[in-house]
**Student:** 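Handing you this structure, nothing more for now.
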2 protein chains.
Amino acid sequence: MKLDRTDRRILDELQKDSSISNQDLAEKVGLSPSPCSRRVKQLEEDGYIDRYVARLNQSQLDLKLTAYIQIALDRHTPDRFEEFDKTVRNCPEVVECYLVTGQSADYTVKVIVPDMEYYQKFLLDTITQIPGVTGVHSSFVMRKIVDNTEVSLQHLS
Amino acid sequence: MKLDRTDRRILDELQKDSSISNQDLAEKVGLSPSPCSRRVKQLEEDGYIDRYVARLNQSQLDLKLTAYIQIALDRHTPDRFEEFDKTVRNCPEVVECYLVTGQSADYTVKVIVPDMEYYQKFLLDTITQIPGVTGVHSSFVMRKIVDNTEVSLQHLS
DNA sequence: AATAAATACGCAATATTATTGCAAGCTCCA
DNA sequence: TGGAGCTTGCAATAATATTGCGTATTTATT
């Protein structure tokens, strides 16, 4: 259950571009197609590769606003958390939601929506309606410098 | 250059799982394989699909710490921004970096690293070294409720 | 350091999957 | 209601991935 340099290179390539053919991937990592295919399959089976996804062009799809919402709850009881989690998991506008450390902001939520009007409605109709939500603070993305899903595997070397 | 219901369903499926075969995808969206393949190709060519990527299992790869860093700059001059952007783009630990609205926090940076020790070193050796960085505030992810790349296309209906 | 066991490799053959040409069927506008 | 432009499904073809197997390489053990 240990990864060598070739495995890591395979993972790196697939993180960047999973539409690469097995033949090209094999060449990039210095292997012939068959062992490369076998390694990829193994990495999938061992759970290193979670899933393959397509990333869409947001602005072309009229999704022009990305917002971060910092949310604080009145009480930190299990039922408060459960209710919040359940609601947020069912919002297609929410792409990320984390429980984070820090003074008052319990949750950090990332939302992708068409525009400010949509956002405002979403905030009022959905977030504000969740029991226990007290503080809500929004910030809006003006410019994207990095927007990846690719993680660094350097520490495994 | 307009998407019908079938196109949107294709995009939705590929966002969730791009490893689906064309045949299965065709069946899901109620098409036979050939027009389905043609539509996917068209969506790629038209730029709706940005790229295909593999998502990895972070904890299995020893990436146990996700952190958000809120960063403020001393001055909002072009060279300050450029220098910051350039540095951050070259950090493999940084998965997201946005310029955001708000009082003092100019940048929101998301970082994925093995542990707190690594994080501390990263902050001191990299972030703090960037000219003009004054305020730095970290929060750490304790629990992930949602961690997707999938965006909602409901507004197109 | 030698050797045995286990693992990983590349080639060639096979199987799977995607793509293309084409005729028939829709759709939409005049 | 007719016709132009698209879209579809089928069948044939092409591209791509996968598997068996003999050889080579690595790893562990003494």
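Chain A is the first sequence line, chain B the second, and so forth, proteins listed ahead of strands; every chain is numbered from 1.
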**Student:** Ion pair present between A/K144 and B/E96, side-chain N to carboxylate O less than 4.0 angstrom?
**Tutor:** no
**Student:** Are a donor atom and an acceptor atom from the side chains of A/Y107 and A/D85 found within less than 3.5 Å of each other?
**Tutor:** yes
**Student:** Is B/R39 close enough to D/dT8 that one of its side-chain N or O atoms is under 4.0 Å from OP1 or OP2 there?
**Tutor:**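 Answer is yes, contact under 4.0 Å.
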**Student:** Can you sort out which residues in residues 11-22 of chain A have a heavy atom within less than 4.0 Å of DNA chain D? Ascending by number, please.
**Tutor:**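 The answer is A/S21, A/N22.
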**Student:** Rounding to an integer number of Å, can you tell me how far A/K41 NZ sits from D/dT16 P?
**Tutor:**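 Rounded to the whole Å, the gap is 20 Å.
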**Student:** In plain terms, say whether B/D4 and B/R39 are close enough for a salt bridge, that is, a side-chain N and a carboxylate O under 4.0 Å apart.
**Tutor:** yes
**Student:** Check every atom of D/dC21, D/dG9, D/dT18 against the side chain of A/P33 and return the nucleotide holding the closest atom.
**Tutor:** D/dT18
**Student:** Please state how far atom CZ in B/R38 lies from atom P in D/dG5, giving the value in whole angstrom units.
**Tutor:** 19 Å
**Student:** Give a yes or no on whether a salt bridge exists between A/D7 and A/K2, defined as a side-chain N under 4.0 angstrom from a carboxylate O.
**Tutor:**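 Result for this pair is no, no salt bridge flagged.
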**Student:** What is the 5' to 3' range of DNA chain C, first to last nucleotide, that sits under 4.0 Å from any heavy atom of chain A?
**Tutor:**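 With heavy atoms of chain A under 4.0 Å away, the range is C/dA8 to C/dC11.
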**Student:** I need the NZ-C1' distance between A/K2 and D/dA28, as an integer number of Å.
**Tutor:**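 Nearest whole value for this atom pair: 14 Å.
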**Student:** Taking atom P of D/dC6 as reference, at what distance in whole Å does atom CG of B/D4 sit?
**Tutor:** 15 Å
**Student:** Provide, to the nearest angstrom, the distance between the CZ atom belonging to B/R5 and the P atom belonging to D/dT7.
**Tutor:** 17 Å
**Student:** So, B/T108 and B/Q70: side-chain donor and acceptor under 3.5 Å apart, yes or no?
**Tutor:** yes
**Student:** Decide, yes or no, whether a salt bridge links A/R51 with B/D17 under the criterion of side-chain N to carboxylate O below 4.0 Å.
**Tutor:** no
**Student:** Indicate yes or no: does B/R55 engage B/D147 in a salt bridge with an N to O separation below 4.0 Å.
**Tutor:** yes
**Student:** When the distance from CG of A/L31 to P of D/dA17 is rounded to whole Å, what number comes out?
**Tutor:**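 It is 14 Å, rounded to the nearest whole Å.
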**Student:** Measure up the B/Y68 and A/Y98 rings against each other and bin them: parallel (under 30°), tilted (30 to 60°), perpendicular (over 60°).
**Tutor:**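 Tilted.
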**Student:** Using the ring centroid of each side chain, check whether B/Y52 and A/Y52 are separated by less than 6.0 Å.
**Tutor:**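 Between A/Y52 and B/Y52, which both carry aromatic rings, the centre distance is not below 6.0 Å.
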